[in-house]
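One structure is given below, encoded as structure tokens.
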Amino acid sequence: MLIIGGIASAIGVAIALAIDWFPPQATEEAHKIDTLYDVLLIFSVPVFVLVVVVVLFSVWKFRMRPGQELQDGPPIHGSTTLEIVWTAVPAIVITGLAIYAYAVLHDIEKAKANTLEIGVTGQQFTWSFQYQAGGKTINSPQLYLPDHRPVRLKIKAVDVIHSFWVPAFRLKKDAVPGITTDVRFTPKTLGAYPVVCAELCGIGHATMRQTAHVISPTAFAAWLKQKQAPPVAAGGTSAGGGNAAGKAVFASAGCGACHTLADAASNGTIGPDLDKVLKGQDDTFIRTSIVSPDAEIAQGFPKGVMPGNFEKTLSKDEIDALVDYLAQVTK
Ligand code: CUA
């Protein structure tokens, strides 16, 4: 039994380590988490495999044979030695793993110089991100991070519990109404990574997705500067005939994730098809639909799915440009 268990455990560990479990490592902390995960696999897979082998072996070895129907098994009064062993070994293993896991966590959460602090707000059903620049709070519907600079996110929730999760960063933390939670990490790979809500938070939970963009420090500085002084909506026409600033807002606010709009080449189906529901509508209707989405709901769509905070996360100029753009391309 021990030989079979040993061989099965070795095969189990080999398979567990061979599987590519995670997305690319986009932070400096990611490889520590992945190593921790591998060590946990090395310890936990044999436990699972050994238990299964003992159960299957016993079922086969001690099965009831013809003529034994009325017999009882031998009386067993327990074994003190065995009980000490099976209590002490797991206790030592678990204590060791807990100490190791604590050391990894402690290392990851260490405060670092030149840390960039960014606010994260979770609400039904979107994330928004707050930056401090030039004495002002700048709201962004997408997360932008400079490469290789330590970041500390301060996470809040305004309604129910959400969970901020970026799989490529290997971090996840609950966003809880009434308290601020935080995570620290240092992005190390340029790219765009999904931000996901990992706590069932209502009907739109699955749509609570944004993107974390890791960009160069120069690009980040330029982005933050541009955010401080949003371009005026006037002037500039996009290829589709709508105003270019509005089209940019449509893209950056993530509207296309839920809505179909031919001019923006988006094909989301969570919310109404804008080419249809906005056709022939005036600016007032379009504006109301953006800032108070529940005022009038398109047939067949539930209330409360579209975030009601665009008046806060977008500037007045951005909303003006977006309304103008939508009116033009859905005429
Ligand atoms: Cu927010 Cu799920």
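All values below come from the heavy atoms of this structure, side chains included, with hydrogens, waters and symmetry mates left out. Both counts, for ligands and for their atoms, begin at 1 and track the order of listing. On a predicted model such as this, the values are computed, not experimentally measured, just so you know.
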(message) Is it the case that atom NZ in K156 sees more than 12 heavy atoms from other parts of the structure closer than 6.0 Å?
(response) no
(message) Rounded to the nearest 10°, what angle sits at atom 1 (Cu) of ligand 1 between SG of C201 and SG of C197?
(response) 120°
(message) Please name the atom of E199, limited to N, O or S, that comes nearest to atom 2 (Cu) of ligand 1.
(response) O
(message) Salt bridge or not between D147 and K188? Use side-chain N to carboxylate O under 4.0 Å.
(response) no
(request) Of all N, O or S atoms in H205, identify the one at the shortest distance from atom 2 (Cu) of ligand 1. (result) ND1
(message) Of all the N, O or S atoms in H162, which has the shortest distance to atom 1 (Cu) of ligand 1?
(response) ND1
(request) Specify whether an N/O/S atom of M208 falls short of 2.8 Å from atom 1 (Cu) of ligand 1. (result) yes
(request) Flag the pair K316 and D320 as a salt bridge only when some basic side-chain nitrogen lies within less than 4.0 angstrom of an acidic carboxylate oxygen. (result) yes
(message) With a 4.0 Å cut-off on N to O distance, would you call E109 and R184 a salt bridge?
(response) no
(message) Are L190 and V195 connected into the same hydrophobic cluster when the rule is that any two of I, L, V, M, F, W, Y join if their side-chain heavy atoms are below 4.5 Å apart?
(response) yes
